[in-house]
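The residues of the chain are indexed from 1 along the displayed sequence.
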Amino acid sequence: MNAPRVTIVGSGYMGLGIGHVLALGGSPVRLVDTDAAVAEAALKSFLDSAAEFEEKGFFPAGSAAKIREISGWSASLAEGVADADLVMEAIPEIPDLKIDVFRQVEAAVRPDTVIATNTSAIPIQDLAVAFEKPERFLGIHWFNPAQFLPGVEVIPCEQTKPEIVQWAVEYLRGCGKEPA
């Protein structure tokens, strides 16, 4: 997967920042949130902030157009994750909410889709209980603001396949990040 299709679940500040990084790295990015109106509004904010960052010189010239070309939103979680290669969750730090969302995601994705959480406070193993197949689940914790800080933590659960961890590390490096 050179430029995996990514769905960001949760389009708040962190979700949008993560989306910028991944889109700048070449991945088509789709935003999903609590409902279609929220996701559609988030895409507008996502694109507007990319243009603002480019205008201020924080993003390279042409970045906003590139991001606009490969980004979108989805009206439903199931539709939004169905063809994703990577689902990156960035919703509030509420364990039960995350577990519920992960169960919905796992039911809707392909068997080879990697599922990641941006949690900074919840042990990855505690969230792995949501999955029937936790071997493709891991933490990818982005520092704030994701667009500008180079470090990203890659945190497997006990069941995460080593090749998933290696793929995540290489993918993040390809997006200009320094995974640890």
Side-chain angles (χ1 to χ4, degrees), residues 1 3-54 59 63-122 124 126-134 136-147 152 168 171 175:
M1 273 186 279
R5 292 178 306 261
V6 178
T7 298
I8 308 287
V9 178
S11 56
Y13 184 77
M14 285 304 295
L16 298 185
I18 293 165
H20 282 148
V21 173
L22 302 180
L24 287 171
S27 286
V29 171
R30 181 179 299 148
L31 303 176
V32 175
D33 212 299
T34 53
D35 63 40
V38 172
E40 185 176 22
L43 179 63
K44 181 181 181 333
S45 176
F46 181 68
L47 298 174
D48 289 348
S49 60
E52 181 181 333
F53 290 147
E54 181 180 337
F59 284 0
S63 296
K66 176 182 179 177
I67 290 172
R68 183 176 309 283
E69 183 179 316
I70 62 174
S71 300
W73 63 276
S74 184
S76 76
L77 179 66
E79 175 187 292
V81 302
D83 67 348
D85 299 309
L86 170 64
V87 175
M88 185 70 238
E89 169 271 316
I91 64 175
E93 296 286 272
I94 302 168
D96 290 341
L97 177 62
K98 287 182 183 283
I99 288 169
D100 179 56
V101 166
F102 288 138
R103 287 184 175 144
Q104 292 176 56
V105 167
E106 186 176 41
V109 297
R110 298 185 327 262
D112 62 335
T113 300
V114 175
I115 304 168
T117 180
N118 182 50
T119 191
S120 61
I122 305 165
I124 301 304
D126 290 357
L127 296 175
V129 301
F131 297 95
E132 289 182 27
K133 296 182 177 183
R136 61 181 168 163
F137 172 65
L138 74 164
I140 299 178
H141 174 234
W142 301 75
F143 294 95
N144 185 7
Q147 302 95 320
V152 180
Y171 174 55
C175 291

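Counting only residues at least two apart or on different chains, the ring pair (Phe, Tyr, Trp, His ring centres under 6.0 Å) pairs with a member in residues 7-26 are H20-F46, H20-F53, H20-F59. Counting only residues at least two apart or on different chains, the side chain to side chain donor-acceptor pair (under 3.5 Å) pairs with a member in residues 64-74 are S74-E79. Among residues at least two apart or in separate chains, there is no salt bridge (charged side-chain N to carboxylate O under 4.0 Å, His left out) pair with a member in residues 16-25.
Separation of atoms CG (L31) and CG (L47) is listed at 8.5 Å; rounding is to 0.5 Å. Put simply, OG1 on T119 and CD1 on I140 are 13.0 Å apart, with the number rounded to the nearest 0.5 Å. Note that the CG atom of D35 and the CG atom of L77 stand 12.5 Å from one another [nearest 0.5 Å]. Taking CD1 from I115 and CE from M88, the interatomic distance works out to 11.5 Å, rounded to the nearest 0.5 Å.
With sequence neighbours left out, E40 forms a side-chain hydrogen bond (donor to acceptor under 3.5 Å, both in side chains) with no residue at all. The side-chain hydrogen bond (donor to acceptor under 3.5 Å, both in side chains) search around K44 returns D48, not counting sequence neighbours. With sequence neighbours excluded, the residues satisfying side-chain contact (heavy atoms from CB on, under 4.5 Å) with S120 are E93, H141. In this structure, the side-chain contact (heavy atoms from CB on, under 4.5 Å) partners of D100, at least two apart in sequence or on a different chain, are Q104. Taking D126 as the reference, nothing meets the side-chain hydrogen bond (donor to acceptor under 3.5 Å, both in side chains) condition, with sequence neighbours excluded. Residues that satisfy the side-chain hydrogen bond (donor to acceptor under 3.5 Å, both in side chains) test with D33, not counting sequence neighbours, are S11. Listed by chain and residue number, I94, L97 satisfy the side-chain contact (heavy atoms from CB on, under 4.5 Å) test with P92 (two or more places apart in sequence, or in another chain). Residues that satisfy the side-chain contact (heavy atoms from CB on, under 4.5 Å) test with R103, not counting sequence neighbours, are I99, A130.
With respect to the salt-bridge test (charged N to carboxylate O, under 4.0 angstrom), the residues R110 and D83 do not qualify. Look at E89 and K98 and you find a salt bridge, because one of the NZ, NE, NH1 or NH2 atoms lies within 4.0 Å of a carboxylate O, short of that distance.
Counting only heavy atoms from C-beta outward, the side chains of L138 and I124 never approach each other to under 4.5 Å. The closest side-chain heavy-atom distance from Y171 to V114 is not below 4.5 Å. Annotation: side chain of L22 is in contact with side chain of I8 (closest heavy-atom distance under 4.5 Å).
With R136 contributing its side chain and P111 its backbone, the two residues share a donor-acceptor pair below 3.5 Å.
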* Stepwise, does the side chain to side chain contact (heavy atoms under 4.5 Å, CB included) test hold for I67 with L24? -> CA-CA 7 Å; I67 290 172; L24 287 171; 3.8 Å; yes
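For the pair P4 and P28, the tightest heavy-atom approach, listed with the atom from each and the gap, is O-CD, 3.7 Å. Closest of all the heavy-atom pairs between A78 and A108 is CA-CB, 3.8 Å. The two residues G17 and A146 come nearest to each other via the heavy atoms C-CB, 3.7 Å.
Between T113 and the options V81, T7, L86, V87, a side-chain contact (heavy atoms from CB on, under 4.5 Å) holds for only V87.
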